[in-house]
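Data first, discussion second: the structure below is written as structure tokens.
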Amino acid sequence: MEYIKPEPNTKNYQQMLDKIIESWQNDPEKSVRRPRLLMHSCCAPCSSAVLDYLCRYFDITLFYYNPNISTEKEFDHRVSELKRLIHEMGIDVERTDEAGVKLGAVSVVVPAYDHKEFLSIAKGHEKDPERGERCHLCYRQRLEKTADYMDEMRSKASESNEDPVQAYDYFCTTLTISPMKSAEILNVIGAEVGERHDENFLPSDFKKKGGYQKSIELSGKYDLYRQNFCGCEFSKAAGERERAERKVFNQEHA
Ligand code: SF4
């Protein structure tokens, strides 16, 4: 995969998302149904607060495409936590909350795990720091695959003469909730991918409005597995190095 440098484009992504939600609620033509969202999900903790926020406005399919995760065991553990989370949040089936707002039903799509897909794009970027070019390629790979799936579902809907509204209206990623990830870079890449696929990328900065804090709170409430590295072996090794260095520093300064 060719590295394309994302050009800085600072915008208020949270405000853009609010406006899109409002447009669905206030436009009489749109408000006859809920928009359908294909949401790339990296893990249960990041998805928790995003689901808590968005499942009252969208019908959501989680797309767990993460070939970046270093081992199949870790990949499987994260997806099983994700499925447990939506079940325990009670949003794997359709229901209404105390205020009568419809929630769910959230489904999960899990493409087959193949770590080689990630290693091929990370080649030559093994030593990049977290948030560097390797990460930009990794975001793009995951968003490209999400948009590919969205295209595939749109073609299936039109081939089978299903109502075209069965296709997704938007795609996005839970990754913007992480303080380790730049919402600006993710939104620039997402918009580029969306434009090429002629699909709508939903802008977001899920850290805003206390989103990251909420994810910590929900991770505690549901006792979610919170991994101490982003996903790839390079982030795992960097994290281990940092922890070892901190230990030595603390010992020396005790
Ligand atoms: S650190 Fe995270 S985002 Fe960056 S390449 Fe590794 S898995 Fe992908």
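On a predicted model such as this, the values are computed, not experimentally measured, just so you know. Each ligand, and each atom within it, is numbered from 1 in the order the structure gives.
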Looking only at heavy atoms, the pair that brings Tyr168 and Leu37 closest together is CD2-C, 3.9 Å
Atoms of ligand 1, numbered as shown, that sit under 4.0 Å from any heavy atom of Arg142:
3 (S), 8 (Fe)
So, is the end of the Lys145 side chain (NZ or CZ) under 6.0 Å from the ring centre of Tyr65 and within 45° of the ring's axis?
yes
Within-2.8 Å protein N/O/S contacts of atom 4 (Fe) of ligand 1
Cys135 SG
Would Tyr170 and Phe201 count as a close aromatic pair, with their ring centres under 6.0 Å?
no
Close side-chain approach of Leu62 and Ile86, heavy atoms under 4.5 Å
yes
Knowing that exactly one of Ser48, Cys42, Ser47, Cys46 qualifies, which makes a side-chain contact (heavy atoms from CB on, under 4.5 Å) with Ile177?
Cys46
Does His136 have a heavy atom less than 4.0 Å from any atom of ligand 1?
no
On a heavy-atom basis, the closest approach of Ser204 and Leu17 is CB-CD2, 4.3 Å
Without swapping roles, check the side chain of Arg78 against the backbone of Arg226 for a donor-acceptor pair under 3.5 Å.
no
